[in-house]
Amino acid sequence: MKYTEITVRYGELSTKGKNRREFIGRLNGNVTKALAQFSDLHIYPKRDRMHISLNGTNYDAVMAKLSKVFGIQNFSPSIKIAKDIDLLKQTALEMMTELAPTAKTFKINTRRSDHTFEMDTNQINLMLGDYIYDNLPELTAQMKYPDITLRVEVRHDAIYLSSETIKGAGGLPVGTAGKAMLMLSGGIDSPVAGYLAMKRGVEIEMVHFFSPPYTSDRALAKAKQLTAKLAPYVGTIKFIEVPFTEIQEEVKRSVPEGYLMTVQRRFMLRLAVKMAEQRNGLAIFNGESVGQVASQTLESMVAINDVTSMPIIRPVATMDKNEIIEIAEKIDTFDLSILPFEDCCTIFAPPRPKTKPRLDKARYYEAQLDGEALMARAIAGVKITEIHSHDEFLTTDQTDIQSVL
């Protein structure tokens with residue numbers, strides 16, 4: 001079917017009152033970035049709808065990108081026509097004729113925002129229903145659960161016809177809730193936390209700690225590829241590489257084994273906060289889930305969070321592992337996350353870390369290190385890149401994945 005455009009319906013934006021214009025503007029920007037590769041599109045954001053004029057572009061390819069943009073309730077491939085009764089009947093029949101081989105029942109569902117139009121909704125429903133039945137007698141009108149619902153929207157500028165409604169990503173447009181840093185490891189949980197943060201409108205920048213030569217180039221590439229998996233939801237994501245080798249070596253050399261993980265995580269959080277302060281971030285997100293590992297007990301969180309007053313948000317904190325994995329599979333990060341490339345969270349991991357570290361001891365052991373100098377050298381080595389959804393950083397053989405399944 002030769003659709004002329006895609007009609008986009010907003011989700012939670014309908015509840016935003018005076019901020020509605022700002023939210024729609026942000027959504028328009030995000031949609032524009034997500035569809036940047038399609039040069040012939042024209043995007044028209046309006047108060048209660050967004051219209052994307054296809055101008056011959058393949059609508060399936062556009063909808064695949066559109067399905068990942070947060071802030072969209074649903075969307076429909078549509079045909080836009082002039083407000084003419086004969087043209088409306090002709091277009092409706094053409095659409096139903098093409099759809100008829102796969103259906104036995106149909107329904108006409110009309111909405112009319114232009115109340116000056118010559119027919120009201122009931123009259124349009126009856127007129128089109130009779131016309132289609134007269135020309136396609138094999139179809140039967142059915143009000144509940146029909147095989148085909150032909151939707152007709154009579155608006156001030158035109159009439160729009162569609163027969164399919166695709167569920168959008170929901171949530172809020174990324175950027176409407178401010179910016180935050182996501183502490184991205186190479187595991188399953190942190191990409192899911194990033195996805196959930198973006199769904200609530202948060203613009204995230206990835207902070208990834210790497211420790212060569214203990215961590216490999218493939219581990220770094222894996223983190224970048226995980227970022228690329230999340231990029232379609234916003235267009236592009238900044239990836240911040242923080243060198244962490246010297247700090248880890250100093251912590252291992254100077255801190256008792258049971259507190260290695262606690263002091264190391266305190267430094268990670270300090271550095272993430274520094275990045276947030278430099279880049280106008282308002283909070284830190286991470287993939288911690290309560291009780292999942294030793295560093296994620298409530299006592300550990302208290303000992304680690306002590307280094308900052310900046311909000312630390314944990315979207316997966318109360319989920320069990322199977323729930324997190326289900327989302328990871330949905331967003332296509334799971335197979336990457338389980339590839340066995342060590343990140344800096346796993347190297348130097350003590351066999352018996354403290355699950356209930358004391359805050360006073362964590363502060364004491366950290367104070368034995370020249371923390372400011374260590375952090376200054378790490379920050380001086382930071383590298384920031386912009387990652388797009390089409391970027392490729394990791395080439396995996398199927399055996400890489402199968403070996404860990």
Side-chain angles (χ1 to χ4, degrees), residues 26 29-30 33 173-186 190-191 193-198 200-212 215 219-221 223-224 226-228 230-231 233-251 262-288 295 301 303-315 343-345 362-363 366-367 369-388 391 393:
R26 177 68 71 164
N30 292 347
K33 285 194 292 184
V174 174
T176 55
K179 181 197 287 188
M181 305 294 115
L182 173 72
M183 299 175 70
L184 178 73
S185 69
S190 55
Y195 166 81
L196 294 173
M198 289 192 292
R200 297 313 304 156
V202 178
E203 176 189 352
I204 59 171
E205 294 188 348
M206 304 302 196
V207 178
H208 178 74
F209 300 92
F210 71 109
S211 298
T215 58
L220 181 60
K224 290 182 177 180
L226 286 169
T227 302
L230 296 178
Y233 296 99
V234 63
T236 62
I237 298 177
K238 294 288 195 310
F239 184 87
I240 305 171
E241 304 170 33
V242 182
F244 203 58
T245 305
E246 183 185 9
I247 292 176
Q248 285 197 286
E249 289 175 338
E250 286 297 315
V251 170
T262 303
V263 174
Q264 176 180 294
R265 293 296 179 93
R266 283 170 65 93
F267 272 108
M268 286 181 170
L269 184 53
R270 285 185 187 277
L271 287 165
V273 169
K274 286 285 187 184
M275 292 295 99
E277 290 172 347
Q278 289 181 7
R279 302 182 59 77
N280 301 315
L282 301 174
I284 305 296
F285 280 72
N286 65 35
E288 291 179 342
S295 64
M301 290 179 185
I304 295 166
N305 282 20
D306 171 62
V307 304
T308 183
S309 60
M310 184 172 284
I312 313 298
I313 302 174
R314 301 171 173 86
D343 58 39
C344 66
C345 295
R363 289 173 174 173
E366 184 184 316
L369 304 173
D370 189 356
E372 290 301 318
L374 288 168
M375 287 182 29
R377 288 193 288 273
I379 290 171
V382 163
K383 181 180 177 183
I384 301 175
T385 55
E386 189 167 59
I387 293 181
H388 304 77
D391 290 340
F393 299 97

Does [X] reach the side chain of [Y], with side-chain heavy atoms less than 4.5 Å apart?
X      : Y      : value
Leu369 : Val251 : yes
Arg279 : Ile384 : yes
Leu220 : Lys224 : yes

Taking it one step at a time, do Ile240 and Glu205 satisfy side chain to side chain contact (heavy atoms under 4.5 Å, CB included)? CA-CA 7 Å; Ile240 305 171; Glu205 294 188 348; 3.7 Å; yes

Would you name the heavy atoms of [X] and [Y] that are closest together and state the gap between them?
X      : Y      : result
Leu269 : Asn305 : CD2-CA, 3.9 Å
Leu182 : Ala193 : CD1-CB, 4.2 Å
Pro243 : Val382 : CD-N, 4.0 Å
Phe209 : Ala272 : CZ-N, 4.3 Å
Gly235 : Lys33  : CA-CB, 4.4 Å
Ser185 : Ser190 : N-OG, 3.2 Å

Assess whether a salt bridge exists between Glu366 and Arg270, defined as any Lys/Arg side-chain N lying under 4.0 Å from an Asp/Glu carboxylate O.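 Answer for the salt bridge query: yes.
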
Using the rule given for ring-ring contact (aromatic ring centres under 6.0 Å, His included), can you reason through Phe210 versus Phe244, listing the C-alpha separation, both sets of side-chain angles and the distance that settles it, and then say yes or no? CA-CA 6 Å; Phe210 71 109; Phe244 203 58; 9.8 Å; no

If you round to the nearest 0.5 Å, how far is CE of Met183 from CE of Met206?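 CE of Met183 is found 13.0 Å from CE of Met206.
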
Apply the test side chain to side chain contact (heavy atoms under 4.5 Å, CB included) to residues Met198 and Leu230: give CA-CA distance (whole Å), side-chain angles for both, the deciding distance (0.1 Å), then the verdict. CA-CA 9 Å; Met198 289 192 292; Leu230 296 178; 3.8 Å; yes

